[in-house]
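Notes follow once the structure below has been shown.
Letters go in sequence order (proteins before strands), and every chain restarts at 1.
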Number of protein chains: 2
Amino acid sequence: MAIKNGEDITLDKLIQPGLLLFVYIKPSHGYELIQNYNKLQSTEEVEPGTIYRNLRRMEKNRLLTSSWQISESGPARRLYEITEKGINVLDETAAKIEKQKLQVEQFLSLYREQKEQGGSADEK
Amino acid sequence: MAIKNGEDITLDKLIQPGLLLFVYIKPSHGYELIQNYNKLQSTEEVEPGTIYRNLRRMEKNRLLTSSWQISESGPARRLYEITEKGINVLDETAAKIEKQKLQVEQFLSLYREQKEQGGSADEK
DNA sequence: AACTCTATAGGCATATTGCACATAAGGGAG
DNA sequence: CTCCCTTATGTGCAATATGCCTATAGAGTT
């Protein structure tokens with residue numbers, strides 16, 4: 001979460017973990033990852049610029065490597081592949097996400113609990 | 001996720017949703033919320049400064065209201081209560097978090113699927 | 001020549017955090 | 001009384017990440 005307005009509460013979009021996983025499944029380039037990401041994930045769309053910057057960042061951090069591929073049609077594309085380090089980080093991140101899932105479930109169960117109990121007596 | 005190092009992938013800590021829910025359950029002040037938050041949630045600890053700033057921000061956005069309470073022992077504390085708007089935002093946020101849970105589950109299932117299939121032939 | 005699609009990327013303003021530090025009340029030890 | 005610890009709230013600064021907009025460029029179509 002970053003800019004926008006500060007008014008509404010935004011949630012994590014798992015950009016880096018998602019990209020890392022996609023590239024792990026199949027080496028790919030930015031434009032394709034944008035398509036995949038925005039079709040698969042059930043959240044708001046992510047800016048192309050954000051995707052590209054995250055890919056460059058992950059390459060800088062040696063989670064990915066890239067090489068230019070000349071395609072028969074259209075401009076050259078940067079093909080990303082995951083590194084050993086990237087796989088390790090992916091594994092660690094998956095573990096963190098499991099914890100986050102617990103956290104999310106904890107939030108939702110607390111929320112529902114409160115809605116059920118407080119809802120009847122405190123009907124406004 | 002914000003500062004730190006840029007090296008490792010950080011996940012959302014649900015600070016605002018968590019605080020909003022806690023205050024919804026019981027009006028409370030910052031110091032107490034820090035204790036609750038850092039004890040209940042299964043993630044890394046959150047800076048006191050971050051908690052206080054989020055509370056002030058949510059008050060500015062009219063999700064919370066605060067009033068000074070003088071306690072018998074120790075300095076005055078700012079007691080936060082949730083507003084109507086805050087409850088609405090909490091409800092909306094809970095809906096978003098349900099979606100995020102799906103997203104998280106989607107990530108984990110894709111991840112495990114890939115680990116099982118790729119794992120046997122590619123044992124490091 | 002103009003337009004569209006593919007493909008990558010940077011500038012700028014804004015938002016948020018981590019770390020450190022400041023402030024302040026009250027209580028206990030010496 | 002002074003020093004220190006706990007409670008309690010907050011700010012300044014640098015760093016980081018994103019949204020929105022714009023630039024660049026190859027290749028094919030009209």
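Taking the nucleotide of DNA chain D with the nearest heavy atom to each of E47(A) and A76(B), the more 5' of the two is matched to A76(B). Two residues, G74(A) and R56(A), neighbour DNA chain C, and the one matched to the more 5' nucleotide by heavy-atom proximity is G74(A). Heavy-atom distances to DNA chain D give each of I15(A) and G30(B) a nearest nucleotide, and the one nearer the 5′ end belongs to G30(B).
Between R53(B) and the phosphate of dG10(D), there is no side-chain N or O to OP1/OP2 separation shorter than 4.0 Å. Residue T50(A) places no side-chain N or O under 4.0 Å from the OP1 or OP2 atom of dA17(D). Using a 4.0 Å cut-off, some side-chain N or O of K13(A) falls inside it from OP1 or OP2 of dG19(D). Distances shown here put a side-chain N or O of Y52(B) below 4.0 Å from the OP1 or OP2 atom of dT9(D).
Salt-bridge formation is not detected for the pair E47(B)/K13(B): no Lys NZ or Arg NE/NH1/NH2 atom is positioned less than 4.0 Å from an Asp or Glu carboxylate oxygen. Using a 4.0 Å cut-off between charged nitrogen and carboxylate oxygen, E92(B) and K85(B) do not count as a salt-bridge pair.
Closest to the side chain of W68(A), from the set dG26(C), dT6(C), dA9(C), is dA9(C). The side chain of H29(A) sits closest to dT8(C) out of dA24(C), dT8(C), dT9(D). Of all nucleotides listed (dT6(C), dG27(C), dA27(D)), dA27(D) comes nearest to the side chain of S73(A).
In the interface, the side chain of R57(B) is not paired with the base of dG10(D) through any donor and acceptor atom under 3.5 Å apart.
One can place CD of E32(B) at 19 Å from P of dT6(D), the figure rounded to the nearest angstrom. L79(A) places its CG atom 9 Å from the P atom of dT8(C), with the value rounded to the nearest Å. The distance from atom CG of N36(B) to atom P of dT7(D) is 14 Å, rounded to the nearest whole Å. Put simply, CG on D8(B) is 12 Å from P on dT16(D), counting in whole angstrom units. Put simply, CD on E59(A) is 9 Å from P on dA9(C), counting in whole angstrom units. Between the CD atom of Q69(A) and the C1' atom of dG26(D) there is a distance of 16 Å, rounded to whole Å. N54(B) has its CG atom 13 Å from the C1' atom of dG18(C), to the nearest Å. Here the C1' atom of nucleotide dG18(C) and the CD1 atom of I34(B) are 14 Å apart, to the nearest Å.
When side chains are defined from C-beta on, I97(B) does not count as touching Y111(A), because their heavy atoms never get closer than 4.5 Å.
No engagement by I51(B) is indicated, since no non-hydrogen atom pair under 4.0 Å with the nucleic acid exists.
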Exercise for the section: Begin from the C-alpha positions of E81(A) and T65(A) and carry the test side chain to side chain donor-acceptor pair (under 3.5 Å) through to its verdict. Expected result: CA-CA 5 Å; E81(A) 295 180 89; T65(A) 52; 4.9 Å; no
Exercise for the section: Walk me through it: do K101(B) and E98(B) pass the test salt bridge (Lys or Arg N to Asp or Glu O under 4.0 Å)? Expected result: CA-CA 5 Å; K101(B) 191 188 157 198; E98(B) 296 230 43; 6.0 Å; no
